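Quick notes on the structure that follows.
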Amino acid sequence: MTTATPTAPVAAPTPRTTQQSPSSLTRARRWLFAPKTLIIVAVAGVIGYLALVPLYYLLYGTFFDAAGFTLSGFTRAYSANGIGRLISNSLVFALGSAALSLLVGTCLAYLNVRTDVPFKPLFFAASMIPLIIPGILYTVAWIFLASPDIGLLNKLIEPVFGPGLLDVFTLWGMIWVEGLHLSPIVFLLMVAAFRSMDPSLEESALMSGASRWTTFRKITMPLVRPAIVASVLVMTVRSLESFEVPALLGLQNGTYVFTSRIYFVLRTYPPDLASAGALATGLLVVAVLGVILSNRVGKGSKSYQTVGGKGFRPHPMELGRWRPAAGALIVGYFLMTVVAPLAVLLYTSLLKFYTAPSVAAFQSMSLDNYRELAGLSKVGTALKNSLFLGVASATLVMLFMSIAAWIVVRSKSRARVVVDQLAFVPLVIPGLVLGLALSFVYLRSPVPIYGTIFILLIAYCTRYMPYGMRYAITSMHQISGELEESAQVCGASWWQTFRRVLLPLLSPGLVAGFVYILVVSFRELSSSILLYSPGKEVLSILIFEQFENGQFTVLAALGVVMVLTLVVLVTLAYKLGAKVGLKQD
Amino acid sequence: MLTIDNLVKSFESDKRTRKQAKAAKVAGDDAVAGPARVFAVNDVSFDVKEGELFTLLGPSGCGKTTTLRSIAGLEKPDSGRITVGERLMFDMQGKNRGVNMPANQRGLGMVFQSYAIWPHMSVFDNVAFPLQVRKRNERPGKPEIADRVGKVLEVMELGHLSDRQATKLSGGQQQRLALARALVTQPPLLLLDEPLSNLDAKLRESLRFELKRLQRELGITSIYVTHDQVEALALSSQIAVMREGQVVQLGKPRDIYENPNSRFVAEFIGTSNFLNGTVVQQDGSTVTVDTVEGRLRVSSSAAVPVGSDAIVSIRPEAVEVTRSSAGGTLANEWTGEVVTRAFLGDSVDHVIRVGTTEVRNRSNPNVSVEPGTTVYLRMDPDKLALVPVG
């Protein structure tokens, strides 16, 4: 008996293995055609298509012409007159804006998080600015404020400094406008950094006898250095990609940067696509390098977060006699970035023609511009187009990204890393470059998409895919896997589980993402400007056209309407929990 | 060494309470009106002698940390007076009105709850920092700094980790590093803010004794903040039990445990059985109380008027369980029935029903009685405490 027992278990598996091979084949076939697999493959395919095809065609269109491989586009683009100037302008503009936004944003964040500075609600309002005032309106507002001939601020200081002291149409003017517009984003990034820092790290330095200044220099600054470096990189890349500010302030006197140069090359007749592609490729490479570098820095900073697991009790530092000074600084910033641009837009929108404030100007005020707006058929079309594009792109993106997020977070598929990476690819593609790349694709495509509104829809979906992904992944992480498993145990199929359990649970996050995409799509200009065709204008394009035609007062009225619409949408997004404060890209 | 007089610190209450207070004021309803300011510390005074380990003990929100932070200079009290040795740190009363020395000039050592180890510095740099940031004319030279840091790291058994990145240390090592940094300047007073609360139970116990040994050997006056009564009993020379911004009892650990002056203190420090009753007789140091379950004799030095209400506090270990009665010859003998029993390794707990009351007992592991058994409870009058009502 005892000798026989060991043989039995060895013999048992042999017949089973012969039975297994056919069953595993049918299982493979069943797996391949299961709705789950089909849906996943379709979603991954769409993401891959949106992310990669434009890039491929951009490179193809740049390096290949009818005769085959060529570098002539590159030669034309980079040997053009003033290319050295272009590169140095781009760098000065990008680094200058980044530096200005960093200085302003970091100071504000420190005051807000770590001190008892007054007027704290103003910070919140100021941090909303990039969302509710699109870059193009912000730039136009600053033209009204600081142009050498008509600028309000110039008129204000003229008695002391003489006429035309401030000139927004210079590289410095561009840096000023871009830097101020970006500063709320740095503010939010740095607020997060200061909040995640244990205040007792500073307090223990004080207890060690270090002065406030030494503490700031030796403890605070080194600890937030990773966040500072990341902010500099992100802001530099964003300023490099910025189109509105260089186009509106630089084009008319020939101060080119990469983006405005690409636009200029495409607008001159005949448009030199290969040369524009070469410039776009250069811009893309720099942007990719910046993003890679900032991810590196981000990873390196994790080692600092190991200290202090408990929640920190905020003990704001008392500013004492510096409190009024800090308060004045905050009010000044608020007036400069929020009140002045909005007020000047409102003021201009009520005038017949732009003029400095005077009794006569105030007496001539009327709502004529708004009446004219209502009468313009173009405005109605643009509003309809903007709404359609916003709602359609937000719906499509959130729908696809919720499935993509499931693949990345829940599935054990090896494809999940690829899907994750692909969904974030558009983040590094500047809007103008994406517009150019898409025109490369659909100019060649046999399907008539170019010249319709659908090319804009594709552009919007591509651009906002990463934002949608971020929202979907965050909410997916908040749902325990057990909820899904228990649905499966109850007998639900994958699709049933997704539709009846996951989607309802995800919906708050998805709705928040939806509204956020709706908000940002309203201000989209840099992709649209290369892709729209007459009759398919969106609101921001209309503003751009009116600027070029010199219809400042009607533009201002349209701007006011747009800002009001965005205020409503942002409020809605905020109520729905779309962390509009911290979810900045 | 450290003297605190009439310390008061209040905070603006949050928006909701403030609104309620305003609304109630408008309506003329003073009863509902919440306070516009919340008093975190409300008239706290105490004295700490040289070399003592003085503990501020209490539940969260009782004001113990605010008191400590006021001593440190990290919080500015509304009024009161703080002196360390001969030096006046803070005074908002008397003739020196308006003295508030900044935290970085008080020269005290402090260990934070999170340790606040600077993650961007090495172990050595963390400890050297307090010496390096001194004013130029008071700053020791580089070799002396290295020497002093080396010595204090040696005492803390961290000498071999001197070059290590501070974040690479274990919890216990970080705690000792924080202590080393606080002690390197040889401060007259060491402030400890729940320094053991971030550690797991085993480590906490061993470090508790380590801390006590170090404090004794270095003879350094320390203020210790904790919400853990076991820690407070094990470590302290004096304990101040705090509640809602006020010190409710101050004394040696044994006094506070054996003679709590209120039900709150008795409950907060250990578990206790409470029985309501009326004082029927006082005979020297023995008070006789009629409780709902019978008569009890309690040793008490305080004079209590006959006929007044009182609560008798009975610690579980003061209840002795036996199967045989002494036959009425002993005072404080009750009969009851065992309801549940729990074996805890180093002790056995019984819950015994006496009339309508359930009494907790803690016994030696060799005393173990089946549930359902009728037993006799004996309570030594010396181990019972009379707690004033309210």
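Naming: A, B, ... by sequence-line order, numbering from 1 per chain. It should be emphasised that the depicted structure is a prediction, and the values quoted were computed from it without experimental measurement.
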Quiz prompt | Exceeds 12 heavy-atom contacts within 6.0 angstrom, atom NZ of B:Lys76 | solution = no

Practice problem: Taking all heavy atoms of B:His120 and all of A:Lys218, pick out the closest pair and write down the distance. | Solution: NE2-O, 2.9 Å

Exercise. Can you tell which part of B:Tyr115 gets under 4.5 Å to a heavy atom of chain A, answering side chain, backbone, both or neither?
Key: neither

Quiz item: Got a second to check how far A:Glu203's CD is from B:Arg69's CZ, nearest 0.5 Å?
Solution: 4.0 Å

Exercise. Please name the pair of heavy atoms, one in B:Leu74 and one in A:Leu206, separated by the smallest distance, quoted to 0.1 Å.
Key: CD2-CD1, 4.4 Å

Self-check item: Among B:Thr185, B:Leu191, B:Asn104, the one residue meeting side-chain contact (heavy atoms from CB on, under 4.5 Å) with A:Met207
Solution: B:Leu191

Quiz item: Checking A:Ser200 against chain B: side chain, backbone, both or neither under 4.5 Å from a heavy atom?
Solution: both

Quiz item: Which atoms form the tightest heavy-atom contact between A:Leu223 and B:Pro119, and what is the distance?
Solution: CD2-CG, 3.3 Å

Practice problem: Report the distance from atom CZ of B:Phe129 to atom CD1 of A:Ile219, rounding to the nearest 0.5 Å. | Solution: 4.0 Å

Quiz item: Does atom CD of B:Glu138 have more than 12 heavy-atom neighbours from other groups under 6.0 Å away?
Solution: yes

Quiz item: If you draw a 6.0 Å radius around CD in B:Gln173, do more than 12 non-hydrogen atoms from other residues or ligands fall strictly inside?
Solution: yes

Quiz item: B:Trp118 and A:Ser204: which non-hydrogen atoms are nearest, and at how many Å?
Solution: CZ2-OG, 3.4 Å

